[in-house]
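Contents: one structure, followed by commentary.
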Amino acid sequence: MKVRKFLAATSHEVLRKVKDELGPDAVILSNKQVPGGIEIMALAGKDISSLTSDTPPEATSPAVKTAAAPRQKPASEKKQAPPVQKQPAVADIQSANILQEIHAMRQLLEEQLITMGWSNFSQRDPGGMKVLRTLLSAGFSPLLSRHLLEKLPADRDFEQSLKKTIALLTLNLRTTAGDEIIEQGGIYALIGPTGVGKTTTTAKLAARAVIRHGADKVALLTTDSYRIGGHEQLRIYGKLLGISVRSIKDIDDLQLMLHELRGKHMVLIDTVGMSQRDQMLAEQITMLSQCGTEVKHLLLLNATSSGDTLDEVISAYQQHGIHGCIITKVDEAASLGIALDAVIRRKLVLHYVTNGQKVPEDLHEANSRYLLHRIFKPSAENSPFSLQDPEFAMLMAGNYADQSVTRQQTRVEASHDQS
């Protein structure tokens, strides 16, 4: 058993050294700040395990050591001894308790080291900390915010760093050029949870298409036969635009209808709103995917939803293929950062944003530079969501420890913008 000493400038570096050399099961015995940074005394997990390895009592019994060896019986005389059931000893239970306490102590020390590291970071790099606070206040996740911070230069002036951060976000927010959907045409199904605004957005897209290509080149379909008034609402919009609205019941209906409408420039399908956890969701997506004609899926994301909810929605729909997305209810959201964070991390293509009920005025082409510049604003000092310095360090430390798996899924491309 050998206790090792590790020294590094930051807690992150010293923990990485411990895990690289002693493995993920290493036990941290102590930590302290020294002139060169942070010092950790650690022990390999296998050394701890050797202390608690099972040793049969007979192996150490003096009586066994001094007793004469019995006469060996011929093979014919030997009898199969009955299996002996091993009973736990007090020492085994004590060893298990010690191991449990050591693991708990290691976890506590790691959390303290990470928290200490974030506290030191705020003192060493106040400009970087201010950028981080700005990103979090705008609604971006700690995960994406850390990745952006890693791309900034060491000498972080706040104004220049924020400008660089916005450039990185602009680079990673994928948007389309102009009215790409309206220009190219095709068959599009608007999908998403209940209440996200699919019917109204369908009408807005239809109105744009009618203005550009004429009513005879646009068709509206709906699978929403469950919601009371859902079909009627779309029918009213269709009547105002001079477009007939047809209802789809099953895959046979859809196949027949798309065959009849094959000469249209654009066909828009308003689908049933379902929770991302609804088992019927897969059935609806299957109907759209196996109708014999390519149907592109446009996922609608509610700007007022939490980050975790948006992640869950995207996960449920992304496994079936997403052509692009539309962020709705921007006018109702306190910040657009949460929705943009989900779009960036999941590498979705953003086509439009909506900010009201007016058809077609409240549908806008997604402009990444405009969207990102308008969301950074100082938070109110009396906001209940403002974090004090100790709380901020604890929040970031907790997220750093809990998101090791998700961290591998997020990559921020480097910007070549030198301005």
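Residue numbers count from 1 along this sequence.
Judged by distance alone, with hydrogens and angles left aside, the side-chain atoms of Arg174 form a donor-acceptor pair with the main-chain N or O of Lys347 at under 3.5 Å. A donor-acceptor pair under 3.5 Å links the side-chain atoms of Lys17 to the main chain of Leu7, judged by distance alone. No side-chain donor-acceptor contact under 3.5 Å links Lys329 to the backbone of Asn355. Judged purely by atom type and a 3.5 angstrom limit, Thr271 uses its side chain to pair as donor or acceptor with the backbone of Leu190. In this structure, the side chain of Thr170 does not engage the main chain of Arg369 through any donor-acceptor pair within 3.5 Å. In this structure, the side chain of His297 engages the main chain of Gly321 through a donor-acceptor pair within 3.5 Å. With hydrogens and angles disregarded, a donor-acceptor distance shorter than 3.5 Å links the side chain of Thr223 to the backbone of Val272.
The two residues Asp250 and Ile248 come nearest to each other via the heavy atoms O-CG2, 3.5 Å. What you find for Leu241 and Val210 is that their closest heavy atoms are O-CG1, 4.2 Å. Pro193 and Val313 make their closest contact through CG-CG2, 3.8 Å (heavy atoms, listed as atom of the first residue, atom of the second, distance). When all heavy atoms are compared, the tightest approach of Leu336 to Ala303 is CD1-CB, 4.3 Å. Closest of all the heavy-atom pairs between Lys198 and Gly192 is NZ-O, 3.2 Å. Considering all non-hydrogen atoms of both residues, Asp331 and Gly356 come closest at OD1-N, 3.6 Å.
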Start with the C-alpha gap between Leu300 and Ile191, add the side-chain angles, then the distance that decides, and say whether side chain to side chain contact (heavy atoms under 4.5 Å, CB included) holds. CA-CA 6 Å; Leu300 272 62; Ile191 57 178; over 6 Å; no
Working note: Thr222 + Thr202, criterion side chain to side chain contact (heavy atoms under 4.5 Å, CB included); need CA distance, chi angles, decisive distance, verdict. CA-CA 10 Å; Thr222 178; Thr202 301; over 6 Å; no
Audit row: Thr199, Asp270, side-chain hydrogen bond (donor to acceptor under 3.5 Å, both in side chains) steps and yes/no: CA-CA 6 Å; Thr199 301; Asp270 181 25; 2.7 Å; yes
Determine, stepwise, if the pair Arg346 / Ser315 fulfils side-chain hydrogen bond (donor to acceptor under 3.5 Å, both in side chains). CA-CA 9 Å; Arg346 294 307 190 105; Ser315 294; 2.8 Å; yes
Starting from the C-alpha separation in whole Å, work towards a yes-or-no answer on side-chain hydrogen bond (donor to acceptor under 3.5 Å, both in side chains) for Asp341 and Ser141. CA-CA 7 Å; Asp341 175 90; Ser141 64; 2.9 Å; yes
Check step by step if side chain to side chain contact (heavy atoms under 4.5 Å, CB included) holds for Phe6 and Glu39. CA-CA 6 Å; Phe6 298 87; Glu39 178 186 283; over 6 Å; no
Please evaluate residues Ile187 and Leu258 with respect to the criterion side chain to side chain contact (heavy atoms under 4.5 Å, CB included), reporting the C-alpha separation (whole Å), side-chain torsions for both, the decisive distance (0.1 Å), and the verdict. CA-CA 9 Å; Ile187 305 171; Leu258 292 179; 3.9 Å; yes
Candidate pair Ser306 and Thr309, rule side-chain hydrogen bond (donor to acceptor under 3.5 Å, both in side chains), full reasoning: CA-CA 5 Å; Ser306 68; Thr309 300; 2.9 Å; yes
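Here the straight-line distance linking atom OG1 of Thr304 with atom CD1 of Ile338 works out to 9.0 Å at 0.5 Å rounding. Taken to the nearest 0.5 Å, the CG atom of Asn172 stands 8.0 Å off from the CG atom of Leu144. In this structure, CG on Leu350 lies 6.5 Å from CG on Leu371, to the nearest 0.5 angstrom. Here the straight-line distance linking atom NE2 of His351 with atom CG of Leu205 works out to 10.0 Å at 0.5 Å rounding. For the atom pair CZ (Phe140) and CD1 (Ile344), the distance works out to 5.0 Å, reported to the nearest 0.5 Å. Here CG of Leu152 is found 5.0 Å from OG of Ser161. Values are rounded to the nearest 0.5 Å.
The only option from Ile326, Leu268, Leu363 that meets the side chain to side chain contact (heavy atoms under 4.5 Å, CB included) definition with Lys204 turns out to be Leu363. Of the residues listed (Asp179, Thr201, Thr176), the one engaging Tyr352 in a side chain to side chain donor-acceptor pair (under 3.5 Å) is Asp179, and it is the only one. Of the candidates Leu162, Thr165, Leu149, Thr165 is the only one forming a side chain to side chain contact (heavy atoms under 4.5 Å, CB included) with Leu135.
Within a 6.0 Å sphere centred on CD of Gln357, other residues, nucleotides and ligands contribute 12 heavy atoms or fewer. When the shell of 6.0 Å around CG of Asp157 is examined, it contains more than 12 heavy atoms from other residues, nucleotides or ligands. Counted within 6.0 Å of OH on Tyr370, heavy atoms from surrounding residues, nucleotides or ligands total 12 or fewer; the atom is thus considered open.
Ionic pairing of Arg208 and Glu365 is present here: one or more N-O contacts between side-chain nitrogen and carboxylate oxygen are shorter than 4.0 angstrom.
Between Cys291 and Met287 the shortest side-chain heavy-atom distance does not fall below 4.5 Å. Between Ser289 and Val295 the shortest side-chain heavy-atom distance does not fall below 4.5 Å. Contact check for Phe158 versus Thr134: side-chain heavy atoms found under the 4.5 Å cut-off. When side chains are defined from C-beta on, Val218 does not count as touching Val267, because their heavy atoms never get closer than 4.5 Å. Within the 4.5 Å cutoff, the side chain of Leu254 has heavy atoms near those of the Leu288 side chain. Residues Tyr317 and Leu301 are not in side-chain contact: their nearest non-hydrogen atoms beyond the backbone lie 4.5 Å or more apart. Using a 4.5 Å heavy-atom cutoff, the side chains of Ile251 and Gln255 are in contact. Using a 4.5 Å heavy-atom cutoff, the side chains of Arg146 and Leu143 are in contact.
Between His265 and His213, the ring planes lie tilted relative to each other; the angle falls in the 30° to 60° range.
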